[in-house]
Amino acid sequence: QVQLVESGGGLVQPGGSLRLSCAASGSIFRINAMGWYRQAPGKPRELVATITSGGITNYSDSVKGRFTISRDSAKNTVYLQMNSLKPEDTAVYYCNAQVKVNAYYPEYDYWGQGTQVTVSS
């Protein structure tokens, strides 16, 4: 059993900043990639940013230059620093982790419960 717990969402004015955190716990052998996705009302879930175990990052074009993903592998935690926030960034943000629970099983995708980010004046 693996749990992902997100924190750090909230209400912020346009141009402001927020930092999201996601901590993974449970039966973890190794975590490969971790990432953040978001879903706005009436829209499909979309990728925001990912980071591999080696630190290689990938961003959607809509957040490139404004958001920064990082991870602390010792704490099984991934972060998303969001700067210059815009109203169109408003969404529920979900944490994702690709986890191997032991050396013999393949990796599986695990998801957090989501945290609301609202950008509004």
Exercise. Under the side-chain contact (heavy atoms from CB on, under 4.5 Å) rule, what do Asp72 and Tyr79 come out as? Steps first, then yes or no, please.
Key: CA-CA 8 Å; Asp72 184 334; Tyr79 306 96; 4.1 Å; yes
Exercise. Please report the C-alpha distance between Thr90 and Ser120 in whole Å, then the side-chain angles of each, then the deciding distance to 0.1 Å, and finally whether the side-chain contact (heavy atoms from CB on, under 4.5 Å) criterion is met.
Key: CA-CA 8 Å; Thr90 295; Ser120 175; 5.9 Å; no
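When every heavy atom of Ile31 is checked against every heavy atom of Ala97, the shortest pair comes out as CG2-CB, 4.2 Å. Smallest separation of non-hydrogen atoms from Ser121 and Pro14: N-CD, 3.7 Å. In terms of heavy-atom proximity, Leu85 sits nearest to Arg66 at CA-NH1, 3.9 Å. Scanning both residues, Cys95 and Leu4, for their nearest heavy atoms gives O-CD1, 3.8 Å. The shortest non-hydrogen separation linking Gly9 to Leu18 is C-CD1, 4.5 Å. The two atoms that bring Tyr105 and Lys100 nearest to each other are O-NZ, 2.5 Å, heavy atoms only.
Contacts classified as side-chain hydrogen bond (donor to acceptor under 3.5 Å, both in side chains) and involving residues 29-42 (residues at least two apart or in different chains) are given here: Arg30-Asn32, Asn32-Glu107, Arg38-Glu46, Arg38-Ser62, Arg38-Asp89, Arg38-Tyr93.
No continuous path of hydrophobic side-chain contacts links Leu47 to Ile56 [ILVMFWY only; heavy atoms under 4.5 Å]. Grouping the Ile, Leu, Val, Met, Phe, Trp and Tyr side chains by contacts below 4.5 angstrom, directly or via other members, places Val12 with Leu20. No chain of hydrophobic side-chain contacts below 4.5 Å, direct or via other Ile, Leu, Val, Met, Phe, Trp or Tyr residues, connects Met34 to Tyr94. Under the 4.5 Å side-chain heavy-atom criterion for grouping Ile, Leu, Val, Met, Phe, Trp and Tyr, Phe29 is not connected to Val99 through any hydrophobic cluster. Residues Val101 and Trp111 do not share a hydrophobic cluster, clusters being chains of Ile/Leu/Val/Met/Phe/Trp/Tyr side chains in contact below 4.5 Å.
Taking a 6.0 Å sphere around NZ of Lys43, one finds it holds 12 or fewer heavy atoms contributed by other residues, nucleotides or ligands. Within 6.0 Å of the CD atom in Gln1, the count of heavy atoms belonging to other residues, nucleotides or ligands does not exceed 12.
Taking NZ of Lys75 as the start and OG of Ser25 as the end, the distance is 14.5 Å to the nearest 0.5 Å. Here the CD atom belonging to Gln3 is positioned 8.0 Å from the OG atom belonging to Ser27, to the nearest 0.5 angstrom. From Arg19, atom CZ reaches atom CG of Leu80 across 10.0 Å, with rounding to the nearest 0.5 Å. With values rounded to the nearest 0.5 angstrom, Asn76 atom CG is found 4.5 Å from Ile28 atom CD1. For the atom pair CD1 of Ile69 and OG1 of Thr57, the computed distance is 8.0 Å after rounding to the nearest 0.5 Å. A distance of 12.0 Å separates OH in Tyr110 from CD in Gln98, rounded to the nearest 0.5 Å.
Leu11 belongs to no multi-residue hydrophobic cluster, having no ILVMFWY side-chain contact under 4.5 Å with any other such residue.
A side-chain donor-acceptor contact under 3.5 Å links Arg71 to the backbone of Thr52. Between the side chain of Glu6 and the backbone N or O of Gln113 there is at least one donor-acceptor pair closer than 3.5 Å.
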